[in-house]
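Here is the naming used below: chain letters follow the sequence lines, and residue numbers restart at 1 for every chain.
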Amino acid sequence: MTSDDVTGEKFCRGCGSVVLERIEDSRAEWHSSSKDEYDNRTRTGSPTSLAMHDMGLATIIGRQNKDSYGKPLSSLMKSTITRLRVWDSRSQMHESASRNLTEAFGELKRLADKLALPDAVVEKTAYIYRKALEKHLVKGRSIPVLLAAALHIACRDSGTPRTLREIADQNNVKIKYASKCYRLLLQELDLRMPVVNPVQCISRIASKVGLKEKTKRGAIAILEDAVSKDVTSGKNPMALAAAALYLSCVINGDQVSQKVIALAAGVTEVTIRNRYKGLGKTLDLDLSGHHNSNIMPDYAK
DNA sequence: TAAGATAAGAGGGACAT
DNA sequence: ATGTCAGTCTTATCTTA
């Protein structure tokens, strides 16, 4: 468990889910730390989730005028409960914000399914989206586009590389618009993104194409060497990974075209060519004899 | 058919005005 | 704020093996 220096939020380093929204705000705690506290819970049922518009508290007050033993309520109690019920429903739905969240999180679930993303990322996205809504960044922008941006941030932040393009495509959102929103969120929410390690991208591309384990390892070796020689900064990590993989394919005699890898990586063939020329040069590989693997250094085999 | 080469253009960051 | 600049990446087209 760590806490955010700026906002004072506590969140889990492992899964990224926010545990305590504001430290001095005692109402928002939903992780019980002791058995006692757990037993005192008045709520039961599914665990709360940030990806529900009301954090999963939708049914605090039921519709029947019965107490917890099933006995009817006194008339005094009844009016109290009725009043509470009004507040309850207001806090659930009366704002446009809530409606927005309901719709957005429905969309988010759908999107996460399509992209096969873990729950932690969904939670993180929901959290970011809430923040964006609080800051009134959603107003005047479409829900899907903000969602795409938030999802991309969540992915990057939790080391689950998904390009903004992939997300935007799944969401039927213009990439250009999505990247604008992405930067907007970064700036407005004061977020800092870790630099994507291109090595992480390799296995995704490799498995998409169905490459051998050996070529994958070769690509990682190439890429790590390139990173250590500091020739990778400013380059698209996906392009670097794709280039390293292609290089490794050539070395290992795998008959895979640039086109296939380019498609899997979401970059162009030209970009792969440019990158892998650079890689070959800095790593001192001889690229002239494509099918002569003997000239390649051992680490890449 | 795959890969290389070249050129034009888009988009965004850095930096100065 | 606005403009310029270098660098990256994409799209398109032609050539080469």
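Phosphate contact (OP1/OP2 of C:dT8, side-chain N/O of A:Thr271, threshold under 4.0 Å): absent. Phosphate proximity of B:dA3 to A:Tyr246: present, with a side-chain N or O under 4.0 Å from OP1 or OP2. A close approach under 4.0 Å does not occur between any side-chain nitrogen or oxygen of A:Gln255 and OP1 or OP2 of B:dA2.
The distance between atom NZ of A:Lys277 and atom C1' of B:dA5, rounded to the nearest whole Å, is 7 Å. In this entry the distance linking OH of A:Tyr276 with P of B:dA5 reads 8 Å, nearest Å.
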Listed pairs under 3.5 Å, donor-acceptor, residues 138-152 of chain A side chains, sequence neighbours left out:
| from | atom 1 | to | atom 2 | distance (Å) |
| --- | --- | --- | --- | --- |
| A:Arg141 | NE | A:Leu137 | O | 2.8 |
| A:Ser142 | OG | A:Val145 | N | 3.2 |
| A:His152 | ND1 | A:Arg162 | O | 2.9 |

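The side-chain hydrogen bond (donor to acceptor under 3.5 Å, both in side chains) test applied to A:Arg273 returns A:Gln258, not counting sequence neighbours. Shown here are the side-chain hydrogen bond (donor to acceptor under 3.5 Å, both in side chains) partners of A:Lys212, two or more places apart in sequence or in another chain: A:Asp254. Take A:Arg156 and apply the salt bridge (Lys or Arg N to Asp or Glu O under 4.0 Å) test, not counting sequence neighbours, and it matches no residue.
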Each nucleotide N or O in nucleotides 12-17 of chain C that has a protein N or O under 3.5 Å away: list the pair and distance.
none

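Checking A:Lys259 against A:Arg183, the closest nucleotide of DNA chain B that is more toward the 5' end is the one next to A:Lys259.
Non-hydrogen atoms lying under 4.0 Å from DNA chain C are contributed by A:Gly234, A:Lys235, A:Asn236, all within residues 232-240 of chain A.
For A:Lys109 and A:Asp113, the salt-bridge test fails: no basic side-chain N is under 4.0 Å from an acidic carboxylate O.
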